[in-house]
Amino acid sequence: MSVALCPGSYDPPTNGHVDVIERAARHFESVVVAVIENPGKNALFSLEERTAMLKEALAHVDNVELTSFGGLLVDLARARGISIIVKGLRAVSDFEYELQMAQMNNALLPDLDTMFVTAKPSWAFLSSSLVKEVARYGGAVDRLVPPGVLRALEERLKGE
Ligand code: PNS
């Protein structure tokens with residue numbers, strides 16, 4: 001069975017993430033979306049919250065499974081027998097970082113390849129960090145994130 005792995009911090013998930021996962025789900029029999037603990041980043045939402053937000057945003061996609069993970073991505077891929085990572089590319093600026101990760105993952109696990117989906121132009125400017133920054137200062141992000149993420153952002157940031 002062809003299974004794709006869509007890993008990310010997803011802090012929080014955006015419409016751009018949802019678009020990439022929906023498109024991966026059209027090309028693979030199933031997609032494992034892995035919400036990854038990233039100790040280097042100070043997350044606004046817990047792993048459980050991010051996973052729940054993505055689960056709600058992807059409820060309409062039958063062949064998607066949500067999981068959360070802390071550790072090396074290659075270990076998750078190996079444990080699940082997955083050989084394809086699918087990630088989104090927004091701009092050339094993403095490319096260097098993504099290329100390096102793809103090559104490192106392939107060096108660690110030679111059976112593991114990375115494929116890229118180009119972001120829709122309408123979401124190319126979108127990032128989780130910008131969404132958080134705009135929302136924190138009261139800007140409108142309702143067209144940029146799924147409804148459940150909007151609710152969670154309003155709730156989390158209202159005390160700040
Ligand atoms: O959405 P992001 O934050 O760009 O996703 C990056 C992520 C989570 C996919 C990457 O940091 C990752 O794979 N982390 C797990 C730890 C790991 O395997 N690090 C080596 C990557 S080459």
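Throughout, residue positions are numbered sequentially from 1 according to the sequence presented. Every number for a ligand or one of its atoms is a count from 1 in the order of the listing.
Between the side chain of Arg80 and the main chain of Asp75, no donor-acceptor pair closer than 3.5 Å is present. Asn15 places a side-chain N or O within 3.5 Å of a backbone atom of Arg143 that can act as its donor or acceptor partner. Of the possible polar contacts, one joining the Asn63 side chain to the Ala25 backbone as a donor-acceptor pair under 3.5 Å is found. A donor-acceptor pair under 3.5 Å links the side-chain atoms of Ser2 to the main chain of Glu29, judged by distance alone. Although no hydrogens or angles enter the test, the distance criterion places no donor-acceptor pair under 3.5 Å between the side chain of Asn38 and the main chain of Ser9.
For atom 16 (C) of ligand 1, the nearest protein heavy atom lies under 4.0 Å away.
For the pair Asn105 and ligand 1, the shortest N or O to N or O distance does not fall below 3.5 Å. Considering backbone and side-chain N/O atoms, Leu73 comes within less than 3.5 Å of an N/O atom of ligand 1. Among the atoms of Glu98, none of the N or O lies under 3.5 angstrom from an N or O of ligand 1.
Ranking the protein heavy atoms by distance from atom 9 (C) of ligand 1 puts Lys87 NZ, 3.7 Å first. Atom 11 (O) of ligand 1 has its closest protein heavy atom at Asn38 ND2, 4.0 Å. Protein heavy atom in closest approach to atom 3 (O) of ligand 1: Ser9 OG, 2.5 Å. Closest to atom 19 (N) of ligand 1, if we only count protein heavy atoms, is Leu72 CD2, 3.9 Å. Summary of contacts: the protein heavy atom closest to atom 10 (C) of ligand 1 is Met101 SD, 3.8 Å.
At least one heavy atom of Gly71 sits under 4.0 Å from some atom of ligand 1. Using 4.0 Å as the threshold, Glu37 has no heavy atom nearer than that to any atom of ligand 1.
Residue nearest to atom 8 (C) of ligand 1, selected from Ile36, Val74, Thr114: Ile36 (by heavy-atom distance).
Residues passing the side chain to side chain contact (heavy atoms under 4.5 Å, CB included) test with Ala102 are Thr114, Phe116, sequence neighbours excluded. For Glu56, the side chain to side chain contact (heavy atoms under 4.5 Å, CB included) partners two or more places apart in sequence, or in a different chain, are Arg151.
Summarising the geometry of Ser127 relative to Thr14, their closest heavy-atom pair is C-CG2, 4.2 Å, with the distance given to 0.1 Å. Of all non-hydrogen atoms in Val86 and Pro7, the two that sit nearest each other are O-CD, 4.0 Å.
Residue contacts with ligand 1 for Gln100 are absent, since no atom lies close enough (heavy atoms, distance under 4.0 Å).
The Lys41 neighbourhood of ligand 1 comprises atoms 3 (O), with distances under 4.0 Å to a heavy atom of that residue. Taking every non-hydrogen atom of Met104 and a distance limit under 4.0 Å, the qualifying atoms of ligand 1 come out as 22 (S).
A salt bridge is defined here as a Lys NZ or Arg NE, NH1 or NH2 lying under 4.0 Å from an Asp or Glu carboxylate O, and Lys132 with Asp11 meets this definition.
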